[in-house]
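One structure below.
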Amino acid sequence: MKTLSLVIPCYNESRNLSLVLERFSQVIDRDDVEIVLVNNGSTDDTASVIEHLLPNYIFARVVNVEKNLGYGYGILSGLKSANAHFLGWTHADMQTDPKDVLDGLLLLENSSRPEKTYVKGLRQGRALNETLFTTGMSVFETLVLGVPLWDINAQPNIFPTSFFSRLENPPHDFSLDLFCYYSAVKAQYQIRRFKVNFSQRAHGVSHWNINWQSKAKFIKRTMDFTWNLRKQISQTASS
């Protein structure tokens, strides 16, 4: 059994894949870590690029999702295919260094209770407007859900497999980051944050943070999910 299965959702990320895999080959210095590329219903040549690259990287494999049913759905598909002590995910856009994953794994392994620890990055070096956006969303989530939450969409996320096994009805969209982070806090996991440098995408564009219109849609979806989650909490507490 592997120690870590790390899922990387790939939706039209063909231009970044060689960079991601090559960087992982430079930093993975142990044979108990696997990279799970999820071709999440890509419409570009991601599938053929992965097929071409994988023979060169024995630590990586692919899970193919025929139709894109959401960012979260792709990640969950990869996590369900894994067989490791710890699971996690990060992005394929090279905005954070793949080495961060190995640093996060060590942080988890060296914690006093790895089976009750959730590791998450903490982004550094972002533009002021992005930092203000994150601050606003973090304050909103904290006030509505009643637990401290910060930099919710930071990568990577790494946690014990037992944590994933206990999740009920995780969302299939970008709310997955919030759902898992919140679930860990509510279950009284030790939350270990560590600094990761954040930069521009190597290639391509964000699939949601394109302009203020797309960001507004993201905010609305997140707020709707948060209020529904709050309602579920209230109903459970009163039952």
Side-chain angles (χ1 to χ4, degrees), residues 7 9 70-73 75-76 79 86-91 93 95-96 100-101 103-105 107-108 111-160 162-198 206-209 214-237:
V7 172
Y71 161 84
Y73 185 87
I75 292 173
L76 294 169
L79 294 175
F86 303 118
L87 304 175
W89 77 81
T90 192
H91 295 166
D93 53 23
Q95 288 187 288
T96 56
D100 295 333
V101 172
D103 294 340
L105 176 59
L107 194 62
L108 178 53
S111 66
S112 58
R113 296 181 63 196
E115 76 283 357
K116 198 70 174 178
T117 301
Y118 190 103
V119 173
K120 189 174 182 64
L122 186 64
R123 293 174 289 187
Q124 307 291 303
R126 303 175 73 206
L128 178 60
N129 64 319
E130 295 295 334
T131 300
L132 292 174
F133 172 76
T134 292
T135 300
M137 293 300 295
S138 297
V139 170
F140 170 78
E141 306 294 356
T142 295
L143 292 175
V144 173
L145 296 176
V147 296
L149 300 169
W150 182 256
D151 200 5
I152 295 159
N153 296 106
Q155 308 296 324
N157 295 270
I158 308 174
F159 42 83
S162 56
F163 170 78
F164 177 64
S165 300
R166 65 182 294 276
L167 295 179
E168 296 184 5
N169 300 317
H172 290 176
D173 60 11
F174 280 99
S175 300
L176 181 66
D177 290 84
L178 168 61
F179 179 80
C180 289
Y181 181 19
Y182 169 76
S183 298
V185 174
K186 285 294 289 184
Q188 298 184 330
Y189 276 64
Q190 181 183 24
I191 308 299
R192 300 292 301 273
R193 307 297 299 264
F194 69 106
K195 294 179 180 179
V196 299
N197 291 323
F198 191 81
S206 168
H207 300 301
W208 71 271
N209 189 11
S214 63
K215 186 169 288 189
K217 292 180 180 178
F218 171 81
I219 292 172
K220 183 181 185 304
R221 287 197 303 267
T222 302
M223 287 184 169
D224 289 344
F225 175 80
T226 304
W227 285 115
N228 288 332
L229 188 57
R230 169 72 178 269
K231 291 178 183 177
Q232 292 175 20
I233 296 167
S234 300
Q235 291 170 357
T236 300

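The model shown is predicted, which means the values in this text are computed figures rather than measured ones. By convention here, the first residue in the shown sequence is residue 1.
- Nearest heavy atoms, Val196 versus Gly121: CG1-CA, 4.2 Å.
- To the nearest 0.5 Å, atoms CD1 (Ile152) and CE (Met137) are separated by 6.5 Å.
- Here the side chains of Asn129 and Phe133 are not in contact, with every heavy-atom distance at 4.5 Å or above.
- A distance of 10.0 Å separates CG of Leu132 from CZ of Arg126, quoted to the nearest 0.5 Å.
- Other residues, nucleotides and ligands contribute over 12 non-hydrogen atoms within 6.0 Å of the OH atom of Tyr189.
- The shortest distance between side-chain heavy atoms of Phe163 and Leu87 does not fall below 4.5 Å.
- For the pair Pro9 and Thr90, the tightest heavy-atom approach, listed with the atom from each and the gap, is CD-O, 3.1 Å.
- The closest side-chain heavy-atom distance from Asn157 to Gln155 is below 4.5 Å.
- Between the CG atom in Asp177 and the OG1 atom in Thr222 there is a gap of 9.5 Å [rounded to 0.5 Å].
- Of the possible polar contacts, none joining the Lys116 side chain to the Gln188 backbone as a donor-acceptor pair under 3.5 Å is found.
- For the pair Leu176/Pro171, a side-chain contact is recorded, criterion being any heavy-atom separation below 4.5 Å from C-beta on.
- The stretch residues 141-152 participates, sequence neighbours left out, in these side-chain hydrogen bond (donor to acceptor under 3.5 Å, both in side chains) pairs: Arg123-Asp151, Glu141-Thr226.
- Between the side chains of Arg192 and Ser111, no donor-acceptor pair is found at a separation under 3.5 Å.
- Using a 4.5 Å heavy-atom threshold, the side chains of Phe174 and Phe225 count as separate.
- Atom CZ of residue Arg230 and atom CG of residue Leu143 lie 9.5 Å apart, to the nearest 0.5 angstrom.
- The line from CG of Asp100 to CG of Leu107 is 11.5 Å long, rounded to the nearest 0.5 Å.
- A cation-pi contact links Arg193 to Tyr181, judged by a cut-off of 6.0 Å to the six-membered ring centre and 45° from its axis.
- Between Phe159 and Trp89, the ring planes lie perpendicular to each other; the angle is over 60°, past the 30° to 60° tilted range.
- Considering only heavy atoms from C-beta on, Thr96 stays 4.5 Å or farther from His91 through its side chain.
- Using a 4.5 Å heavy-atom cutoff, the side chains of Val185 and Leu145 are not in contact.
- Atom OH of Tyr182 sits about 5.0 Å away from atom CG of Leu229, to the nearest 0.5 Å.
- Residue pairs meeting the side-chain hydrogen bond (donor to acceptor under 3.5 Å, both in side chains) criterion with at least one member in residues 163-174, sequence neighbours excluded: Asp173-Ser175.
- Across all non-hydrogen atoms, the minimal contact from Gln190 to Ser112 is OE1-OG, 4.1 Å.
- What you find for Gly88 and Leu79 is that their closest heavy atoms are O-CD2, 3.8 Å.
- Nearest heavy-atom pair across Pro160 and Pro114 is CG-O, 3.8 Å.
- Counting only heavy atoms from C-beta outward, the side chains of Thr134 and Glu130 never approach each other to under 4.5 Å.
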